[in-house]
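Working notes, structure below.
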Amino acid sequence: MTLETMADGPEGAATLSGPGRSLTSSRGAKVDIAFRFALYASGILVLVVIGAIMVQLFFGGLPALLAFGFEFFTSTEWDPVSDQYGAGVMLYGTLVTSVLALLFSVPASLGIAFFLTEVAPIPTRKPIGIAVQLLAAVPSIIYGMWGFFVVAPIMKEYVQPILIDGLSWLPVIGYIFAGPAKGTGIFTTSLILALMILPFMTSMYVEVLESVPGVIKEASYGVGSTTWEVFTTVSVPYGRTAIIGATMLGLGRALGETMAVAFVVGNAARISTSIFASGATISSQLANNFNESLPGSLLQASLLELGFALFVISFLVLALARYLVRSRLQG
Amino acid sequence: MITKFAGSCRALALSLGVIGCAATAMPAMAVDFTGAGATFPAPAYTAWAAEYKAKAGSSLNYQAIGSGGGQTQIINRTVDFGASDAPVPEEKLVANKLLQFPTVIGSVVPIVNLDGVKADEIKLSATVLADIYLGKVTKWNDKAIADLNAGVKLPDLAILPVYRADGSGTTYVFTTYLADVSADWKGKVGANTAVKWPVGDGAKGNDGVAGTVKNTKGAIGYVEYVYAAANALTTTQLQNKAGKFVGPTVEGFKAAASAADWDHSKNFAASMINTAGDTAWPIVSATFILLPKDPKDAAASAEVMKFFNWAYTSGDELADKLHYIALPKDVKDRVRAAWAAEIKDASGAPIFK
C-alpha cells in the first residue's frame, strides 16, 4: 500500500504543476496557499496524533513502571488478585505467534507472488490477485470466529494429533510439540495470523518482483536457467532488501492483531514450552481486560504500559521495515 | 430534557401539522434516563425498560459496558445510574456518595462436555470443583469424581477447565465461591473479577466459554444460569453446604436468596454464596445498581427510582421468563425505604416519595 502511494507521488506532482493557468490569477494563488496550508496541517496532524498517543500511553503506564520497575517487562506474573503484573507472558506470546505466523506466511506469500508475476497465465493473474486482495477485506472478527468455530476443531481432531504423535518424540526439540491437542492455542493463532497477513505481504512481494528488470530475468532464462533458478538466483536476491522490509511490515501487522487472536489464543497468562498450549498476547490481554479495569488502578496502568510496549515494538519493526524498503527503492 | 422534548414536539407539530405528537408526549412527566454497567442483568433491564416505556413513556438508555465501566461512569456522573455485578466496597460508596441496591438475583452454574452425560447427571463437590480448577484433578475418571458418581460411566479423558478471559462479575461470583469452599484456592488464587488461573483456557464472554466447552470433549466451564438455560447447556449438580447434591433450579436459587443474611449486611451486599439450606444452590449472587445520593438531575434520579420501583412491583414475571430470580419481598421494601431516606435533591428534600 505504501509502495503504491510512493509510486503515485511523482505523477501527482506532475498533474499539480501541469496546468499552470490557475496559478497566474490571484484567486488561484490564494486557493493554492490555502491548499498548501491544509496539506501542512494534515501532515502535522499525523505527527501530533502519534505523539499524543505515545505520551498518553507512556504517562498512563508510568504508575506500573514505577511500581514494578523494569522487572515489569520480564516478570511472568499476572495476578489481578494480589495486584502483581508483568508483561513477560504477553511479550513472549506476541513474539512467538508473530514469528511463527511469518514462518507460515513468508513462503506462501512469496510463492503466490512469484506465481502471479512469472508463472500464472496472463488471463488468470488478475482474478487470483483480486482473490488474494479479498482475503484482506475479511474483517478481523470474522477470522476470529472462523478460527474458533471451524479451524480450532479441525486442528484438534485431525492436525494436532498427527503433529504431536509425529514430532513430540524428537530428541531435544520434542517438547515443543508435546502436550494435549486442544485446537486453540499458540499454533492455531499463528496459522490464522499467517492467513491474515498473507494478502498484504503478497501484494508487497508482487510489487518487489515486478520491479526486477525483465532484461535480467530474460538473460537468465537465456543462459538456460530453470524457473526455480530464476526465482532463487535472480528475483529473490535482486529484491532481497525490499522483501525483508515487506516481511517486517507483515510482522508489524501480526504483532498488533487483536480480535482474531483473542478468540483462538486460549487466553492463559502462562508461558508453556509447547506450541499447542494456550498463551496470551499483548493485544488479546488488552482486549480482554480493559473493560473491567478501573481508572487509576494498577491494572489499568499495567495494561497501558503493555500498550506502550507494543507501540514501541511495532514502531521499531516498522521503522526498520521502512528503512529497508526505502533504501531498496532509492538504490 | 422535558422542555427540549416539548420544543421539538411543537416544531414538529407546526411544520408538519402532526397531531400524533401530542399523544406520544401524553405521560406528561416523560423523562429519559441513562444507565451503564453490568452485562449480566442487561437482558432484564432492557426487557423492563421496553415495558416501562410503553406504560410510563420514559425511556431508559442502558449501555452494557461491564461492571468496571459502570462504576467509572457513575463515579464521574456521566450516567444517571451505574450497574455492577460485584458489590462495591463500603469506602468507595461513601467516598463517591453512592447508594447501592440489588435488582435481581442470578446464579453461576458449571457446564460440561462429556459423551453420554445428560444435564445435571454429574455430581461435583465443592472440593472437587476447586481441585479441577487448581489442576489437581486432571482426568474425568479420577477417583475423586468417580466416588461421587457411582453408576455414571466416566471416560479416561483429560479435563480442560475453561474460564472467562475478560474481567467479569461471573468470575467474581465463581471465584468467591471457590475461595469460600477451598482454603487451597483462597491461598493460591483468591477471588476477583479476573484471577491468575493455574490451568485451563480463557474465552471471552458467556458465549465464548460455552463455545469452548462445546468444542472440546472433556471441558468444564462456568456460565450465568440465564445463559445456560437459554442455550440448554449440560449443567452439573453441586454439593451444597448442607451436604446435599442439588441441580441448578429456580427453587434452589430462591432458597439461597432467602437464606442470605439481609439483616446484617451493609449496602445490601448480603452474601448468597454457599448458604445453608437443603435445597439451596451454592453459587448465587445479586446484581447491583449504584445511584448518586446527591443527584445533579433530580428528575432523572426520581425516574430511575420510579423505574426500579415499577420493576420490583410488576417486573417479577418478566424477570422470571428470562430466568432471573426476583428479590425477596422484604428486601424490596428495605430498598424502597433506603431510597426515601438517602437520595436527596439540592434542597435536602427526599426525591423518592
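Remember, it's a predicted structure, so these values are computed and weren't measured experimentally. Below, chain A is the first sequence line, B the second, and so on; all start at residue 1. Values reported hereafter were calculated over all heavy atoms of this structure, with side chains retained and with hydrogens, waters and symmetry mates removed.
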Could you tell me whether B:Phe81 and B:Phe101 have their ring centroids closer than 6.0 angstrom? no
If the condition is salt bridge (charged side-chain N to carboxylate O under 4.0 Å, His left out), which residues does B:Lys143 pass it with, not counting sequence neighbours? B:Asp147
Of all of B:Gly69, B:Ala203, B:Gly200, which one pairs up most often with chain A through heavy atoms under 4.5 Å apart? B:Gly200
Show every salt bridge (Lys or Arg N to Asp or Glu O under 4.0 Å) that has at least one partner inside residues 53-62 of chain A, sequence neighbours left out. none
Max heavy-atom pair count under 4.5 Å with chain A, selected residue of B:Gly211, B:Gly169, B:Gly205, B:Ala158: B:Gly211
Short side-chain to backbone donor-acceptor contact, B:Gln100 and B:Asn267, under 3.5 Å: yes
Are there more than 12 heavy atoms of other residues, nucleotides or ligands under 6.0 Å from atom CE of A:Met259? yes
Is B:Ile65 in contact with chain A via its backbone, its side chain, both, or neither, using a 4.5 Å heavy-atom distance? backbone
For the ring pair A:Phe58 and A:Phe308, is the centre-to-centre distance below 6.0 Å? yes
Below 3.5 Å only, please: all the donor-acceptor pairs between chain B and chain A, one per line.
residue  : atom : partner  : partner atom : Å
B:Ser67  : N    : A:Glu292 : OE2          : 2.7
B:Gly68  : N    : A:Glu292 : OE1          : 3.1
B:Gly68  : N    : A:Glu292 : OE2          : 3.3
B:Tyr163 : OH   : A:Asn267 : O            : 2.9
B:Gly167 : N    : A:Asn288 : O            : 3.4
B:Asn192 : ND2  : A:Pro80  : O            : 3.1
B:Lys196 : NZ   : A:Glu77  : OE1          : 3.1
B:Trp197 : O    : A:Arg270 : NH1          : 2.7
B:Pro198 : O    : A:Arg270 : NH1          : 3.4
B:Gly200 : O    : A:Arg270 : NH2          : 2.4
B:Asp201 : OD1  : A:Lys182 : NZ           : 3.0
B:Asp201 : OD1  : A:Ser278 : OG           : 2.2
B:Asp201 : OD2  : A:Lys182 : NZ           : 3.1
B:Asp201 : OD2  : A:Thr184 : OG1          : 2.8
B:Asp201 : OD2  : A:Ser278 : OG           : 3.4
B:Gly202 : N    : A:Gly266 : O            : 2.5
B:Gly202 : O    : A:Asn267 : ND2          : 3.1
B:Asn215 : ND2  : A:Phe148 : O            : 2.9

Quick one: salt bridge (charged side-chain N to carboxylate O under 4.0 Å, His left out) partners of B:Asp131, sequence neighbours excluded? B:Lys136
Bottom line for B:Val162: the part with an atom under 4.5 Å from chain A's heavy atoms is neither
Between B:Ala191 and chain A, with a heavy-atom cut-off of 4.5 Å, which part of the residue counts as in contact: side chain, backbone, both or neither? backbone
